[in-house]
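Okay, so here's the structure we're looking at.
Lettering follows sequence order; numbering is per chain, from 1.
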There are 4 protein chains.
Amino acid sequence: MNVNIDLSELELPDKEKKILEAAILISNEKGFSSTTTSEIAKRAGVAEGTIFRYFKTKKDILHGIMLQAIRIAADKILLNSLYDIFKSREQKELRVILKEILLDRLELVQRFFPMFRVLISEALFHQDIREVICSNLINRLDKEIREFYSNLAARGQIRTDVDPMLVMRNIIGNFLAFIGQKMLFTDNFSLSESTGEIDAMITLILDGISPAKQTKGGD
Amino acid sequence: MNVNIDLSELELPDKEKKILEAAILISNEKGFSSTTTSEIAKRAGVAEGTIFRYFKTKKDILHGIMLQAIRIAADKILLNSLYDIFKSREQKELRVILKEILLDRLELVQRFFPMFRVLISEALFHQDIREVICSNLINRLDKEIREFYSNLAARGQIRTDVDPMLVMRNIIGNFLAFIGQKMLFTDNFSLSESTGEIDAMITLILDGISPAKQTKGGD
Amino acid sequence: MNVNIDLSELELPDKEKKILEAAILISNEKGFSSTTTSEIAKRAGVAEGTIFRYFKTKKDILHGIMLQAIRIAADKILLNSLYDIFKSREQKELRVILKEILLDRLELVQRFFPMFRVLISEALFHQDIREVICSNLINRLDKEIREFYSNLAARGQIRTDVDPMLVMRNIIGNFLAFIGQKMLFTDNFSLSESTGEIDAMITLILDGISPAKQTKGGD
Amino acid sequence: MNVNIDLSELELPDKEKKILEAAILISNEKGFSSTTTSEIAKRAGVAEGTIFRYFKTKKDILHGIMLQAIRIAADKILLNSLYDIFKSREQKELRVILKEILLDRLELVQRFFPMFRVLISEALFHQDIREVICSNLINRLDKEIREFYSNLAARGQIRTDVDPMLVMRNIIGNFLAFIGQKMLFTDNFSLSESTGEIDAMITLILDGISPAKQTKGGD
DNA sequence: CATGAATGAGGGTTCATTCAT
DNA sequence: CATGAATGAACCCTCATTCAT
C-alpha cells in the first residue's frame, strides 16, 4: 500500500507541510481522532508547541488536510489531466478514453490514498467537510463532465437517453468499487496486474451486464 | 437523514440493547472513537459503570455493533430476502429481479444506515474489522451469488464472458454510489421519489452507457 | 509456602468464616487494599452482596481478620502452648525449652502466615491496629513472660543483669529475622531442613557472638 | 514519628523530587496502594498530569521510591559509613564497633523511615521488589560482611564456630526488633534516651542471654 | 437471608493546549 | 519563532456499596 505523500509542490511554510504530511500519514493508520498531536510533532520533527503556531487547534490540522486534499484533487486530478484527456483525445473511441481516464485516476488515487482515506472517514461524519467536497470537487466537475458528455454525445459515442449524471455515477461507482475492493480487501494490489480486470470492467460499463446480443461499441 | 435504529428483534438483555443503540446513534454523529462512554451511558439511560458490565471495554461495544450489523446483514439482508428473491423469482426477467433486489436492499441499508456508517468508518482503519466483514458477509455472499448467477446464465439473462464477480461489482458499485450520494450529499432523500432514477440506473447496469444500437434485454 | 487457613474452630456463621478465609487468602497474595470484594465473594462462593450482610464495609473485613488473627494468636499461639511449655517443662534446660518454643512458634507462624502477613502490612500503617495488637498480644504476653523469666532466673538459667524485656526482644528479634528471611527470601522453605540452623541460632541467643572463652550452658 | 524526607542531595529534576517526596509521605501514612495520584499531585504542588511526565505509571513511582531507597541505603548506609567503620576502626573492640554501627544505622533508618516503611510493606507482597532489594542490598552487603567478619575472626573478636550469616542475622534481628518496637509501638522515640538500652542490647548480642559465668569480651 | 445487577464516585492515565523560556 | 514542561479536563475503567427481587 502506498503511503508516500507528496506535498512538495504546495506553497506552504516548510514546517507546516511537514506537520500536514505527518498528520496524514499517522491518520492514515489510525484515523484522525485517534492521532495525537504529540505523535504528529514527533513524526514531523518539530516540537509539539510548534504545531499550534501553524494550526490553532487540532481540528484545524484536519481542515488543512482537507484543503490540501481538495486542492490536489481539484487541480491535479480533476482538471489538469482530466481536462487534457477530454480535450486532446476527443476523437478517440469512448472505450479508449475511459481506459485512459481510469488508469490515470487510479494512479492518482493510489498515490494520495492516505489523504483520501482520512478525508472519507471524516466526510462520513462531518457535514461541513462534505460541503467543501461538494462545492470544490463535485460542482466543479459538473461543468467539465457536461461538456465532455455533449462532445461524446455529438459523436454518437454515448447514450443520450439517460441523465448524464447517472451515466457518470455508473462510471464512478464502478471505479470506487474497484478501488475500495483493491485498497481495503486486497494485500499488495498492483495496478499492472489488473489491466485485464480493468478492461472487463470497462466492457461492463460500456455494454452492461446483459448478454451481448451483438457487438456494440467495440473493437 | 435516518437515525432510527431498531434492535428490538434481537435477543439481548434490555440494557445491552439500549447501550448498543446509544453507541450507534452517537457514533453515527461523531464516529466511534470520538464517542465517549459517558455519552453512551447518558443516552442509554444507564450509569457509566453499567456499560462495563455488558462490554468489557469500549472496543467491545464496537464489536457488539459489528456483531449486530453482521447478524442483521447476514440474516436479513443477505439470506432471507435475497435468497427469496433469487429463488422465488427465478423465472422473472433480470431487470425485474434487479429492481426488486435494489429496492429491498436500499430499504434495509437506509434503515440501518447509522450502524453501517460506523462500521464503514472503522473498517477504513482496522484490518481486524475488515476481516470480520469479509469472512461473515462477503464470503457468505459468494456462494449465493454464484448460484444466482448460474441460474441467470442458464436462462441467458446475463452475460457469461466476464468474471461473475466483476458483474456483481458493477451492480454493487452502482448501488453504493447511489446510496453514498443520496445519504451523504442529499438532504431528506426519499426512496419513493427515486424510482425513476433507479430505473435509469438499472438500464445502465444492464445495457451499459454506450448508445443502444438495438434493443437489448427487453421492453 | 503455606496458604492454608483454618478458621474452622472459630464460632462464626459458616459464610462469615468463608468470607474471612477468602479475604485472607487473596490479601495474602496482593495485600488487603488491592483485594476486591468481588474477588473475595467469588473465592468464598457467595454473592458479592452477601459480604455486606456480614461486614458493613470492606474495612470491617480487615477488622474481622485482625480479630481472628489476634484471637488465634492470643489463645493458641501465646497462651495454650506457650503456657504449657513454660509450665510443664520448667525443670528443663533453657536451651531445650527455647528450642521447643521456637519450633512450636515456627510451626504456628508458618500455618498462619497469610493472616499474619496481612496483619503486619496493615499494622505498618494503622495505629489502631497496632494498638489492638499491643493490648491483646504484647500486654498479655508481658505477664506470662515475666513469670517464665523469674522461674528461669530462680534456677540460674538466665542472666539477671538486663531488663527481661530486652532479653525477650533478643529472642523475638532472632526469631523474626529467621522467619522473615525464610518466608520472604527463600523459596520452599521447610522447617525440617532447618534444625541445624535453629540450633546454631539458639547457641547465638544463649551465648552471644563473642568467641566462646569456655563452654557455657551446654553440650 | 519522623516524617521528614530529605531527597535534596539527589540529582533529580526538582519536580520529580517533589513528586517522590509526596508519594513517600502519603504512602507512609496509608500505604502505597491506597495512595492516589491526585493526592500525590496535590501534596507535591503539581498538576496530576505532571506526575505522568516523570513516571510512566503509578507503579513506576514506587520503583522510583525503591531506587532512591536503595541508592541511599546502598551508598550511604552500607558503603560509606559501614565501610568506614569496618576499615578505620578495625583495631577496636567488637563492642565498640557494634555500637558505632548500630547508632549510625539507627540514625539513618530513623531519617528514612517513611521510605523504608513503604518499601517493606510492598516487599511483603511483591516478589519483584524483594528481588531488587536482594540483588541491590543484601547481595552487596554479603561481601562486605564476610570481609569484616574475617577481620574480626582473625583478631579473635568473634566466634568462628557458626555460619557468619547467622551471626549477622542475630545482630540484624536484634536491630530490627529494636527499630520495630521503637518506631511502631512507641510515641516520640528519641535515640539519645536509648543509649542504655542499646548498651544492654549489645551485651546480649555479644554474650547471649545465659547468665555470665565469667567475664567475656570486656569491662 | 441471599442475590447480583446497577450504581457513580473516584481511580490511573491521556492529550490538546498554553506559555515562560 | 521554536520549544517542551506544565496543565487539567476528560477519558476509560474499577469497585465498594446498595437494593429490588
Side-chain angles (χ1 to χ4, degrees), chain A residues 13-16 19 32-42 44-62, chain B residues 13-16 18-19 33-42 44-61, chain C residues 13-16 18-19 32-42 44-62, chain D residues 13-16 18-19 33-42 44-62:
Chain A
D14 188 51
K15 295 223 164 141
E16 183 167 348
I19 292 167
F32 182 74
S33 69
S34 303
T35 298
T36 69
T37 49
S38 95
E39 283 173 304
I40 295 172
K42 207 169 292 163
V46 302
E48 204 170 350
T50 306
I51 290 180
F52 292 90
R53 301 215 147 270
Y54 293 94
F55 302 93
K56 236 175 84 61
T57 69
K58 189 192 167 194
K59 206 171 187 317
D60 288 330
I61 302 177
L62 185 60
Chain B
D14 188 50
K15 293 246 158 100
E16 182 168 350
K18 273 189 185 149
I19 292 167
S33 68
S34 303
T35 299
T36 70
T37 49
S38 92
E39 282 173 304
I40 296 173
K42 210 167 290 165
V46 301
E48 198 168 353
T50 305
I51 289 179
F52 295 93
R53 292 189 63 76
Y54 292 94
F55 303 93
K56 247 175 81 57
T57 68
K58 188 194 166 194
K59 205 175 191 315
D60 285 335
I61 302 178
Chain C
D14 188 49
K15 295 226 163 139
E16 183 168 347
K18 273 190 183 147
I19 292 167
F32 182 73
S33 68
S34 302
T35 299
T36 68
T37 50
S38 95
E39 283 172 304
I40 295 173
K42 208 169 291 163
V46 303
E48 204 169 349
T50 306
I51 289 179
F52 293 90
R53 302 216 146 269
Y54 293 95
F55 303 92
K56 235 174 86 58
T57 70
K58 189 192 166 193
K59 206 173 188 318
D60 288 330
I61 301 177
L62 185 60
Chain D
D14 188 50
K15 292 247 159 97
E16 182 167 349
K18 273 189 185 149
I19 292 167
S33 69
S34 303
T35 299
T36 71
T37 50
S38 92
E39 282 173 305
I40 295 173
K42 210 167 291 165
V46 301
E48 199 168 354
T50 304
I51 290 179
F52 293 93
R53 292 190 63 76
Y54 293 95
F55 303 94
K56 250 175 78 60
T57 68
K58 188 192 167 195
K59 203 173 192 314
D60 286 334
I61 302 177
L62 185 59

To the nearest 0.5 angstrom, please state how far the [atom1] atom of [X] sits from the [atom2] atom of [Y].
X: Ile19(D); Y: Asp14(D); atom1: CD1; atom2: CG; answer: 10.0 Å
X: Leu62(A); Y: Phe55(A); atom1: CG; atom2: CZ; answer: 10.5 Å
X: Asp60(C); Y: Phe52(C); atom1: CG; atom2: CZ; answer: 9.5 Å
X: Ile61(D); Y: Glu16(D); atom1: CD1; atom2: CD; answer: 10.0 Å

Separation of [X] atom [atom1] from [N] atom [atom2], in whole Å?
X: Lys42(C); N: dC15(F); atom1: NZ; atom2: P; answer: 11 Å
X: Ile51(D); N: dA9(F); atom1: CD1; atom2: C1'; answer: 16 Å
X: Glu39(D); N: dG10(E); atom1: CD; atom2: P; answer: 12 Å
X: Phe55(D); N: dA5(F); atom1: CZ; atom2: P; answer: 15 Å
X: Leu62(A); N: dA16(E); atom1: CG; atom2: C1'; answer: 15 Å
X: Ile40(B); N: dA10(F); atom1: CD1; atom2: C1'; answer: 15 Å

Distance below 4.0 Å between Tyr54(A) side-chain N/O and dA2(F) OP1 or OP2: yes
Qualifying residues under side-chain contact (heavy atoms from CB on, under 4.5 Å), relative to Ser33(C), sequence neighbours excluded: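 Listed in chain order: Ser33(D), Ser34(D).
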DNA chain F: 5'-proximal contact among Ala47(D) and Thr35(B) (nearest heavy atom): Ala47(D)
Closest approach of Ile51(A) to Thr37(A) (non-hydrogen atoms, all atoms of both residues): CD1-O, 3.3 Å
Nearest listed nucleotide, side chain of Thr36(C), among dG12(E), dA16(E), dC15(F):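 Closest nucleotide among those given: dC15(F).
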Which residues share a salt bridge (Lys or Arg N to Asp or Glu O under 4.0 Å) with Lys15(D), sequence neighbours left out: none
Pairing residues for Glu48(B) by the salt bridge (Lys or Arg N to Asp or Glu O under 4.0 Å) criterion, not counting sequence neighbours: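 Salt bridge (Lys or Arg N to Asp or Glu O under 4.0 Å) check on Glu48(B) returns nothing, list empty.
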Salt bridge (charged side-chain N to carboxylate O under 4.0 Å, His left out) partners of residues 49-59 of chain D, not counting sequence neighbours, each pair once: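 Sorted pair list: Lys59(D)-Asp128(D).
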Consecutive-pair stems (at least three Watson-Crick or G-U pairs, under 3.5 Å) that include DNA chain F: E:2-21 with F:2-21
For nucleotides 17-20 of chain E, list the nitrogen or oxygen atoms of the protein found under 3.5 Å from its nitrogen or oxygen atoms, one pair per line.
from, atom 1, to, atom 2, distance (Å)
dT17(E), OP2, Lys58(A), N, 2.6

